Enquirer: 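Can you read through this structure? Questions will come right after.
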Amino acid sequence: MPLQRPKGTQDHLPDGSPKLSRDIQASAFAHVQDVARRVLERSGASFIATPLFEEAELVKRGVGGSTDIVRKEMFTVYYFGDHGGYVLRPEGTASIVRAYLQNGLKQLPAPLKLWTHGPMFRAENVQKLRLRQFHQVDYEVLGSTDPLVDAEAIWLMWEVVRELGLTGVRVKLGSIGDPEDRERYNAYLRGLFGAHADRLSDDSKDRLERNPMRILDSKSAGDQALLAELGVKPMLDFLGEDARAHFGAVQAYLREWGVPFDLDPSIVRGLDYYRRTAWELHHEGIGAKSALGGGGRYDGLAEQLGGAAVPGIGWAFGIERVLGALEAEGVAFAQVDGPLLYLAAMDEANVGLAARLALAGRSHGRVEFAYRAMKPGSVFREADRRRARHAAVIGSDEAARGVLNIKNLGTGETREVPVADLNAFLDDLSQQARGTREQA
RNA sequence: GUGGGUUUAGCUCAGUUGGUUAGAGCGCCGCUCUGUGGAAGCGGAGGCCGGGGGUUCAAAUCCCCUAAUCCACCCCA
């Protein structure tokens, strides 16, 4: 048995590979990233990249010591020496805020919009579209508390999935208030459930201590019966005046822009740094956990990392989950183009000529060549398999006359092109290819 | 961390109550095929039946352990 990839990781494979599903198709990954780039950079976001590993302390303080991510899902990297340890990043926000503080990005015009994509790591048990190395597209805005920034962030996330062609996505929107609001609400929940702790499921007894809001979306039938019986008030009833006004403004903008959303009073962010606006995008058909991604405001995070007070808001979605949703909906992508031209020689003496012409043509488009002499039948078979648009067979006659007989594999027509005109011919082809791609 | 399913060729899968040398389709390679393709025919390569242990005259098949994988719980993207 040959060595295998580590549990919870995936290989991203070329089109045409056996066992290829959408969430491991390299070209599909690139497509999602391209669409996100287009949408986000149109909005003024700049690309940023941070290391794949960070100080463990950054993750502990950023994500929060009470979260599952820190308690049991950290990929810790040890090395010689007495260093406290690095961790492979479990999410992108803490790193980006760290980079903002460390590099003086406050100098750039505020609010600063940043985006990135890349792998994230969480050491947990795998299930459908839940991996140990997964990939996110991430958008962050630093330096503004304006609800308009919140609304635009949600709009952008919606716009990315819409441009990707997904139709079955639902936005669940809530507000978890300011920290003091949440404290009051948690105290209320602890009081309410504490009196009936014996009726809670074991998981929820645990939640009562760590994060009582999690009891609200418990899957246990007993918990849900108790919830209904007690008539639990939603978080939104506990919002302070400012948080309430902020949340109202966010909703008003979204309605004005036609972004459909459902108010979800049970929305709870799993990371400690969130406050106020919180939302998730959901899609049925990607398994038990239907979240494509989520986001929220994190005005206290920069201070928590030891920096100046910098308000922020951001979101991330899982690329694998989005690809899973696209597969579930049967959304088709444009296929990656094959070569414009495939060149092959009929005899060994001209193999070098085919190679030289191909290399010279590459500044004008994708050109491939055969590494050994072939019979004409094989040339076209090989050209087809590579999804080439044209193919030319070079024999001693063509070599002597300095021409190519180029066959259009779509129409079957052959035309003679002088070698001197090859580059102009390829230019025409790549312009045509661009044209048809834009139409599609 | 917990529970269930699965594991036979590159891929999708057969394989009878345990019984000789483990099969098919597709894919791959070659030939038919010296001047214009997608085809067909013929041939070929490719398997420690996930790994280890046990029962048996005999194990892909029965038992135990283990790993990987898929799904679910917790939680998250």
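Source: prediction; values computed, not measured. In what follows, chains are A, B, ... by sequence order, proteins preceding strands, each numbered from 1.
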Enquirer: Pick out which of A:Lys172, A:Arg170, A:His282 makes a side chain to side chain donor-acceptor pair (under 3.5 Å) with A:Asp262.
Expert: A:Arg170
Enquirer: Stacking between A:Phe317 and the base of B:A77 (centre distance under 5.5 Å, interplanar angle under 30°)?
Expert: no
Enquirer: Hey, is CZ on A:Arg362 packed in by over 12 heavy atoms from elsewhere, all under 6.0 Å?
Expert: yes
Enquirer: Hey, do the aromatic rings of A:His390 and A:Phe425 have their centres closer than 6.0 Å?
Expert: yes
Enquirer: Below 6.0 angstrom between ring centroids: does that apply to A:Phe261 and A:Trp279?
Expert: no
Enquirer: Do the side-chain N and O atoms of A:Ser95 and A:Glu54 include a donor-acceptor pair separated by under 3.5 angstrom?
Expert: yes
Enquirer: Starting from C1' on B:A67, measure out to CZ on A:Arg5 and report it in whole angstrom.
Expert: 15 Å
Enquirer: Roughly how many Å is it from CE in A:Met374 to P in B:U36, rounded to a whole number?
Expert: 17 Å
Enquirer: Rounded to whole angstroms, how far apart are CZ on A:Arg321 and P on B:C75?
Expert: 14 Å
Enquirer: Please check this pair: side chain of A:Glu398 against backbone of A:Gly395, looking for a donor-acceptor N/O pair closer than 3.5 Å.
Expert: yes
Enquirer: B:U7 and B:U61: how far apart are their P atoms, nearest whole angstrom?
Expert: 12 Å
Enquirer: Could you check whether A:Ser396 gets within reach of a base, just the sugar-phosphate, or nothing at all, counting any heavy atom under 4.0 Å?
Expert: base
Enquirer: Give one of base, sugar-phosphate or nothing for A:Glu320, where a contact means two heavy atoms less than 4.0 Å apart.
Expert: nothing
Enquirer: Any side-chain heavy-atom pair from A:Leu292 and A:Leu166 closer than 4.5 angstrom?
Expert: yes
Enquirer: Compute whether any side-chain donor of one residue and acceptor of the other, for A:Trp315 and A:Glu140, lie under 3.5 angstrom apart.
Expert: no
Enquirer: Which nucleotide wins on minimum distance to the side chain of A:Pro376, given the candidates B:C70, B:U36, B:C75?
Expert: B:U36
Enquirer: With distance as the sole test, does A:Glu91 use its side chain to make a donor-acceptor pair with the main-chain N or O of A:Ala94 at under 3.5 Å?
Expert: yes
Enquirer: Do the side chain of A:Asp181 and the main chain of A:Asp178 share a donor and acceptor less than 3.5 angstrom apart?
Expert: yes
Enquirer: Give me the distance, rounded to whole Å, that separates B:U8 from B:U69 when you measure between the C1' atoms they each carry.
Expert: 15 Å
Enquirer: Check every strand shown and say whether A:Leu129 touches a base, only sugar-phosphate, or nothing at a heavy-atom separation below 4.0 Å.
Expert: base
Enquirer: When the C1' atoms of B:U20 and B:A59 are compared, how many Å lie between them, rounded to an integer?
Expert: 14 Å
Enquirer: Could you measure between the two P atoms, the one in B:A45 and the one in B:G50, and give it in whole Å?
Expert: 23 Å
Enquirer: Looking only at side-chain atoms of A:Asp397, point me to the closest of B:A68, B:G35, B:C75.
Expert: B:G35
Enquirer: Hunt down the Watson-Crick or G-U wobble partner of B:C29, both distances under 3.5 Å, from any strand shown, or write none.
Expert: B:G43
Enquirer: Looking only at the side chains, is there a donor atom on one of A:Thr414 and A:Asn405 sitting less than 3.5 Å from an acceptor on the other?
Expert: no
Enquirer: What integer number of Å spans the C1' atoms of B:U32 and B:A39?
Expert: 13 Å
Enquirer: In the strands shown, is B:U17 matched to any nucleotide by a Watson-Crick or G-U wobble pair with both distances under 3.5 Å, and which?
Expert: none
Enquirer: Does anything in residues 38-52 of chain A come within less than 4.0 Å of RNA chain B? Heavy atoms only, and list the residues if so.
Expert: none
Enquirer: Of all the nucleotides listed (B:U36, B:A77, B:A68), which has the minimum atom distance to the side chain of A:Lys7?
Expert: B:A68
Enquirer: With the side chain of A:Arg385 defined as its heavy atoms from C-beta on, choose the nearest nucleotide among B:A72, B:A77, B:C28.
Expert: B:C28
Enquirer: Decide yes or no, distance alone: a donor-acceptor N/O pair under 3.5 angstrom between the base of B:G1 and the side-chain of A:Glu124.
Expert: no
Enquirer: Could you tell me the separation between the CD atom of A:Glu382 and the P atom of B:A39, rounded to a whole number of Å?
Expert: 12 Å
Enquirer: Could you tell me whether the side chain of A:Asp299 and the main chain of A:Gly312 form a donor-acceptor pair under 3.5 Å?
Expert: yes
Enquirer: For a quick check of understanding: with a heavy-atom distance under 4.0 Å over all strands, which category does A:Arg207 fall into, base, sugar-phosphate or nothing?
Expert: sugar-phosphate
Enquirer: Could you give the distance separating B:U66 and B:G1 at their P atoms, to the nearest angstrom?
Expert: 13 Å
Enquirer: Between A:Gln127 and B:C73, is there a side-chain N or O to OP1/OP2 distance below 4.0 Å?
Expert: yes
Enquirer: Taking the side chain of A:Arg372 as heavy atoms from C-beta outward, which of B:G35, B:G30, B:A68 is closest to it?
Expert: B:G30
Enquirer: For A:Ala316 and A:Met346, take the nucleotide of RNA chain B holding the closest heavy atom to each; which residue's nucleotide lies nearer the 5' end?
Expert: A:Met346
Enquirer: Could you check which nucleotide pairs with B:C73 in any of the strands shown, counting Watson-Crick or G-U wobble with both distances under 3.5 Å?
Expert: B:G1
Enquirer: Please confirm whether the shortest side-chain N or O distance from A:Lys375 to OP1 or OP2 of B:U32 is below 4.0 Å.
Expert: yes
Enquirer: Can you identify which nucleotide, out of B:C33, B:G10, B:C74, has its nearest atom closest to the A:Pro18 side chain?
Expert: B:G10
Enquirer: Hey, does the side-chain of A:Asn125 have a donor or acceptor N/O within less than 3.5 Å of a partner on the base of B:U2?
Expert: yes
Enquirer: Pick the P atom in B:C49 and in B:U2, then give their distance to the nearest Å.
Expert: 30 Å
Enquirer: Let's test this: given Watson-Crick or G-U wobble pairing with both distances under 3.5 Å, identify the partner of B:U7.
Expert: B:A67
Enquirer: Atom CG of A:Leu13 to atom P of B:C11: distance rounded to whole Å?
Expert: 12 Å
Enquirer: For residues A:His135 and A:Phe29, establish whether the separation of their ring centroids is below 6.0 Å.
Expert: yes
Enquirer: When you check the phosphate oxygens OP1 and OP2 of B:A72, does a side-chain N or O of A:Lys128 lie under 4.0 Å from one of them?
Expert: no
Enquirer: Look through every strand shown and name the nucleotide pairing with B:U12 as Watson-Crick or G-U wobble, where both distances are under 3.5 Å.
Expert: B:A24
Enquirer: Whole Å only: how far is the CG atom of A:Leu88 from the C1' atom of B:A77?
Expert: 17 Å
Enquirer: Give me the distance, rounded to whole Å, that separates B:C11 from B:A72 when you measure between the P atoms they each carry.
Expert: 24 Å
Enquirer: Find the distance A:Arg389:CZ to B:G38:C1' and express it as a whole number of Å.
Expert: 17 Å
Enquirer: Under 4.0 Å from any atom of RNA chain B, heavy atoms only: list the residues of residues 406-416 of chain A that qualify, in numerical order.
Expert: A:Lys407, A:Asn408, A:Leu409, A:Gly412
Enquirer: Mind calculating the distance between CD (A:Gln133) and P (B:A77) to the nearest angstrom?
Expert: 17 Å
